[in-house]
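A short write-up of the structure that comes next.
This is a predicted model, so every value here is computed, not measured. Atom set for the values below is all heavy atoms of this structure, side chains included, hydrogens, waters and symmetry mates excluded. Lettering follows sequence order; numbering is per chain, from 1.
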Amino acid sequence: MAEYTPLEKIRLQKVEELRAANVEPYPTRAERTHTSAQALAAFEADESQETNVTLAGRIRSMRPKGKLSFAHIEDGDGKIQLFLRVNEMGEERLAFFNKMFDLGDFVEATGTMMRTKAGEATLLVRDFKLLAKSISPLPADKDVTQADGTVVRYASLDDAELRARQRYADLAVNPDVRETFRKRAKLIKSLRAFLDERGFLEVETPILQPLYGGAAARPFTTHHNELEQDMYLRISFELYLKRLLVGNLEKVYEIGRDFRNEGVSFKHNPEFTQLEFYWAYADYLKVMELTEQMVAYAAEQVTGSTKVQFGEHELEFKPPWRRVEMRQGILDVTGVDIAEHATAEALFAAIREKMPKAAPDPKSTRGKLIDFLVGEYLEPTLIQPTFLYNYPRDISPLAKSIPDDALTVERFEGYVAGFELCNAFTELNDPLDQEQRFLEMGRDYEADDEEKHPLDEDYLRAMRYGMPPNGGFGMGVDRLTMILTDKHSIREVLLFPALRKEE
RNA sequence: GGGCGCGUAGCUCAAUGGUAGAGCAGCGGCCUUUUAAGCCGUUUGUUGAGGGUUCGAGCCCCUCCGCGCUCACCA
């Protein structure tokens with residue numbers, strides 16, 4: 001059971017007193033006629049007319065001043081001031097308001113809009129009603145708008161853990177947090193609109209899967225009792241969405257949750273939102289063009305511009321983005337030409353020769369060594385939106401090889417602000433080649449290696465019916481949200497990020 | 001998992017190893033145009049938990065818990 005603080009006990013006492021006085025502290029219905037913004041707009045449109053409104057919101061400040069009181073309430077649109085005087089309601093009623101109402105209470109107020117001596121558009125209250133009593137005080141905060149318009153906060157909830165654990169309190173007292181999640185919603189809506197307009201069909205595929213695949217990650221495992229079988233939460237949508245291409249759906253996409261049983265960091269959460277699309281008869285170059293258009297469109301919808309400030313960087317999303325061929329990019333920053341080293345051993349030796357301080361894992365495959373070079377030396381330089389393309393085959397088991405280059409596949413990743421935003425390729429549609437790749441992957445790892453790619457026989461069966469050539473794409477929606485809202489931790493863009501359980 | 005750092009009142013934060021404090025919030029008053037309202041008075045702490053060193057620990061040491069940053073991992 002909850003233990004109440006002295007403050008909470010006082011408020012619980014008030015609840016009792018209210019009920020004793022026949023005032024319901026949690027009435028069923030509200031009678032709001034205007035939001036704060038609507039009331040202000042109606043009043044300011046013509047101040048000579050009487051504007052009568054009923055507002056509802058949470059009390060954020062109270063300034064009782066003898067026979068009159070000021071208060072600010074906040075609703076979904078913002079704050080608005082209430083002005084209560086004995087002239088309108090009598091001393092007893094005003095005293096009741098001052099005594100029984102607290103910061104955090106939801107209240108309804110009816111009256112006429114007016115302007116105070118200080119010039120603030122304010123509701124002169126004739127009557128008021130309690131809508132919901134707040135028992136626990138919200139984290140105290142005070143913010144003051146200076147003459148120059150800047151807002152100074154004197155005390156606020158800024159403990160990162162508490163803000164994430166009690167997001168409801170964070171949202172209640174930090175309007176900018178509400179704004180972040182409005183932008184997130186706008187982003188997802190804009191991605192949908194963009195793809196819908198271009199004839200992509202939104203679909204839903206299983207989250208609970210008998211076999212996981214489409215990425216290299218450890219899954220969350222669970223168990224279906226009746227079927228008596230283990231099941232996995234999906235780590236990607238890829239293999240199910242591509243099955244749909246076999247079914248003659250030419251353009252499909254899904255926005256949803258992926259689950260990966262991996263480490264948590266400023267850019268990783270165990271569950272995260274992914275956008276994937278698959279596009280028949282397109283290749284990775286067409287996907288590249290669609291990607292830059294889509295992200296530029298989203299940036300404009302969310303922020304009003306294709307120029308986005310992220311930390312110290314001003315990012316320009318307007319197409320075309322910079323394109324860097326992986327071999328050339330690595331050559332430029334490290335002096336190592338991966339094309340000259342066809343085996344892991346040769347490449348490892350070349351890396352040690354050019355960069356004695358580099359410490360790649362000696363057991364790495366050639367692809368992992370290349371990945372090491374990219375992550376270590378190239379990624380940090382990719383600040384403006386950039387497509388890095390042509391990846392090593394052995395770390396891309398679902399991508400199609402470049403004609404006449406057995407070691408390289410048609411794959412690109414989009415980088416922004418030094419981290420990976422999206423991943424795409426010309427999809428492998430040759431069932432025999434795919435089977436080989438799965439088997440190769442198996443050989444590259446120990447039998448019990450958690451990164452081992454499980455062989456999905458049903459996926460191969462689907463592919464044998466014939467899969468059209470196609471381009472596929474996956475993007476971390478949380479990461480794009482971070483970039484578009486200038487937040488530097490994934491926790492800031494997730495309403496309820498994963499946290500260790502309390503106590 | 002490794003390294004570094006943090007944890008003090010409801011909130012934001014102070015406090016050389018020497019009596020745990022301030023502002024806001026709360027509570028009791030005064031106040032008919034306030035907006036960090038003001039003025040007078042006043043309450044609140046297992047200093048994250050446990051152990052140790054010391055005459056004496058919020059402060060030093062150890063263990064644990066939680067969080068942050070970072071490294072590793074994450075095609």
At less than 3.5 Å, do the side-chain atoms of A/T116 and the base atoms of B/U34 form a donor-acceptor pair?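 Under the 3.5 Å cut-off, the side chain and the base do form a donor-acceptor pair.
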Counting only distance, no hydrogens or angles, is the base of B/U34 paired donor-acceptor with the side chain of A/E120 under 3.5 Å?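 Answer is no: no donor-acceptor pair is held.
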With rounding to whole Å, what would you report as the distance between [N] and [M] at their [atom1] atoms?
| N | M | atom1 | result |
| --- | --- | --- | --- |
| B/U16 | B/A49 | C1' | 27 Å |
| B/U42 | B/G51 | C1' | 38 Å |
| B/U70 | B/C11 | C1' | 29 Å |
| B/U63 | B/U53 | C1' | 15 Å |
| B/C27 | B/A9 | C1' | 15 Å |
| B/U8 | B/G66 | C1' | 16 Å |
| B/C61 | B/C73 | P | 32 Å |

Does A/Y284 have its ring centroid less than 6.0 Å away from the ring centroid of A/F425?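 Between A/Y284 and A/F425, the centre distance exceeds or equals 6.0 Å.
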Expressed in angstrom and rounded to an integer, what is the separation of [X] atom [atom1] from [N] atom [atom2]?
| X | N | atom1 | atom2 | result |
| --- | --- | --- | --- | --- |
| A/R11 | B/G26 | CZ | P | 8 Å |
| A/H268 | B/A72 | NE2 | P | 12 Å |
| A/E492 | B/C67 | CD | P | 15 Å |
| A/L123 | B/U33 | CG | C1' | 15 Å |
| A/M114 | B/U34 | CE | C1' | 11 Å |
| A/R63 | B/U34 | CZ | P | 10 Å |
| A/Q274 | B/C74 | CD | C1' | 13 Å |
| A/M326 | B/A75 | CE | P | 13 Å |

Under the 6.0 Å and 45° cation-pi test, does A/R93 pair with A/F128?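 Ring-cation test returns yes.
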I want to check a possible cation-pi pair here: A/R323 against A/F387, using under 6.0 Å from ring centre and within 45° of the ring axis as the test.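 No cation-pi geometry.
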State which residues pass side chain to side chain contact (heavy atoms under 4.5 Å, CB included) with A/N429; sequence neighbours excluded, sorted by chain then number.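 A/N429 satisfies side chain to side chain contact (heavy atoms under 4.5 Å, CB included) with A/K400, A/M467, A/P469 once adjacent residues are dropped.
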Residue-phosphate contact under 4.0 Å: A/K9 side-chain N/O, B/U43 OP1/OP2: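 Looking at the OP1 and OP2 atoms of B/U43, neither is under 4.0 Å from any side-chain N or O of A/K9.
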Both atom distances under 3.5 Å, Watson-Crick or G-U wobble: I'd like the secondary structure of RNA chain B as a dot-bracket string, with | for pairs made across strands. (((((((..((((....[..)))).(((((.......))))).....(((((..]....))))))))))))....
Would you please name every residue forming a salt bridge (Lys or Arg N to Asp or Glu O under 4.0 Å) with A/R178, sequence neighbours left out?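 A/R178: salt bridge (Lys or Arg N to Asp or Glu O under 4.0 Å) contacts with A/E74.
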Run the side-chain hydrogen bond (donor to acceptor under 3.5 Å, both in side chains) test against A/S134 and tell me which residues pass, sequence neighbours left out.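 For A/S134, the residues satisfying side-chain hydrogen bond (donor to acceptor under 3.5 Å, both in side chains) (neighbours in sequence not counted) are A/R11.
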Identify each atom pair where a protein N or O and an N or O of nucleotides 28-32 of chain B are less than 3.5 Å apart, giving names and distance.
{"from": "B/C31", "atom 1": "N3", "to": "A/G66", "atom 2": "N", "distance (Å)": "3.1"}
{"from": "B/C31", "atom 1": "N4", "to": "A/G66", "atom 2": "N", "distance (Å)": "3.3"}
{"from": "B/U32", "atom 1": "OP2", "to": "A/K67", "atom 2": "N", "distance (Å)": "3.2"}
{"from": "B/U32", "atom 1": "N3", "to": "A/N87", "atom 2": "OD1", "distance (Å)": "3.1"}

Residue whose nearest RNA chain B nucleotide is more 5′ - A/N423 or A/M62: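 In this pair, the answer is A/M62.
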Given RNA chain B, 5'-ward residue of the pair A/A118 and A/L7, judged by closest heavy atom: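 The residue closer to the strand's 5' end, by nearest nucleotide, is A/L7.
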With respect to the side chain of [X], which nucleotide from [options] is positioned closest?
| X | options | result |
| --- | --- | --- |
| A/Q81 | B/U33, B/U35, B/A75 | B/U35 |
| A/F70 | B/G26, B/U34, B/A75 | B/U34 |
| A/R260 | B/A75, B/U33, B/C73 | B/A75 |

State plainly whether the residues A/D102 and A/K133 are in salt-bridge range, i.e. N to O under 4.0 Å.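 So A/D102 pairs with A/K133 through a salt bridge.
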Would you be so kind as to tabulate the donor-acceptor pairs closer than 3.5 Å made by side chains of residues 369-381 of chain A, with sequence neighbours excluded?
{"from": "A/E379", "atom 1": "OE2", "to": "A/Y415", "atom 2": "OH", "distance (Å)": "3.2"}
{"from": "A/T381", "atom 1": "OG1", "to": "A/L378", "atom 2": "O", "distance (Å)": "2.6"}

For A/F277, which of A/Y253, A/F237, A/F473 qualifies under ring-ring contact (aromatic ring centres under 6.0 Å, His included)?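 The single option meeting the ring-ring contact (aromatic ring centres under 6.0 Å, His included) with A/F277 is A/F473.
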Atom CD of A/E492 and atom CG of A/D176: how far apart are they, to the nearest 0.5 Å?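 If I round to the nearest 0.5 Å, the distance is 9.0 Å.
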Check the surroundings of atom CZ in A/R327: do more than 12 heavy atoms from other residues, nucleotides or ligands lie under 6.0 Å from it?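 No.
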